[in-house]
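Just follow the structure's listing: the first ligand is 1, and inside any ligand the first atom is 1.
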Amino acid sequence: MKKLVVIDACIRGEESRTRRLAEPIIASLSKRYEIKRYDLTEMAIEPLTSRTYADRAAGIVPEWAAEAARTIAEADRILIAAPFWDMSFPAVVKVFFEHVSLFDITFTDNGRSCVGLCKCEKVMLVTTRGMNIPTGDAREQATSYLQALSRLWDLGTVLTVAAWNLDYSTPEELEEKIENATRFGLRLAESF
Ligand SMILES: Cc1cc2nc3c(=O)[nH]c(=O)nc-3n(C[C@H](O)[C@H](O)[C@H](O)COP(=O)(O)O)c2cc1C
């Protein structure tokens with residue numbers, strides 16, 4: 001069975017609209033993929049500090065990070081479920097990437113530049129936004145960040161499933177937006 005890595009940063013847990021949108025898509029993908037899930041809300045990870053950076057420079061990285069980097073490098077697909085915070089995703093997602101962006105695991109260099117080592121061909125970002133900011137808008141810095149990371153790690157195409165303007169919608173409009181985005185995500189999942 002092919003492998004899907006799910007990175008869950010739905011910090012509001014059961015209250016999360018993003019998780020509600022993501023779960024049926026993940027359930028649909030679970031029929032075709034073996035899933036390894038990283039729940040970032042439970043991992044309590046911290047950005048690199050001068051001490052942990054010095055460790056890394058000496059070749060010492062946390063075992064969980066090396067293991068996660070290897071799992072990501074071997075994954076066929078990656079799905080990130082993360083709400084839209086401060087015009088991107090929650091910082092913990094970037095912190096996670098910082099830890100697992102490891103030389104000779106997720107990327108290496110060919111003497112002229114960095115080249116990716118990941119097997120993944122498609123990444124799906126599932127998100128919900130409070131403001132009226134569609135995917136691809138200059139103010140939307142989550143998809144564009146993942147596209148850049150995909151160029152570093154060689155992750156392939158980035159597809160975004162989103163519902164937006166949710167904080168300025170009536171409860172009925174909100175339901176409709178989540179339902180429409182779920183339908184779109186389930187359709188994408190069929191060929192993901
Ligand atoms: C800390 C925080 C920061 C946010 N920043 C933004 C933002 O910059 N732009 C925006 O459109 N919505 C922002 N929102 C609103 C959320 O994107 C929106 O409510 C979303 O649906 C929350 O997803 P969730 O229910 O999965 O947590 C923010 C919400 C929180 C809690």
Exercise. With a 4.0 Å cut-off, would you call Glu121 and Arg77 a salt bridge?
Worked result: yes
Exercise. Is Asn165 close to Lys177 at the side-chain level, that is, under 4.5 Å between some pair of heavy atoms?
Worked result: yes
Exercise. Tell me, which pairs form a ring pair (Phe, Tyr, Trp, His ring centres under 6.0 Å) where one or both residues lie in residues 90-135, sequence neighbours left out?
Worked result: Tyr38-Phe96, Trp64-His99, Phe97-Trp153, Phe103-Phe107
Exercise. For Ala181 and Ala162, which heavy atoms make the closest approach, and how far apart are they?
Worked result: CB-O, 3.7 Å
Exercise. Going by the ring pair (Phe, Tyr, Trp, His ring centres under 6.0 Å) test, which pairs reach into residues 165-192, not counting sequence neighbours?
Worked result: none
Exercise. Asp104: what forms a side-chain hydrogen bond (donor to acceptor under 3.5 Å, both in side chains) with it, not counting sequence neighbours?
Worked result: Thr108
For this session: For ligand 1, would you mind listing the residues that have at least one heavy atom less than 4.0 Å away, ordered by chain and number?
Result: Arg12, Ser16, Arg17, Thr18, Pro83, Phe84, Trp85, Asp86, Met87, Thr128, Arg129, Gly130, Met131, Asp167
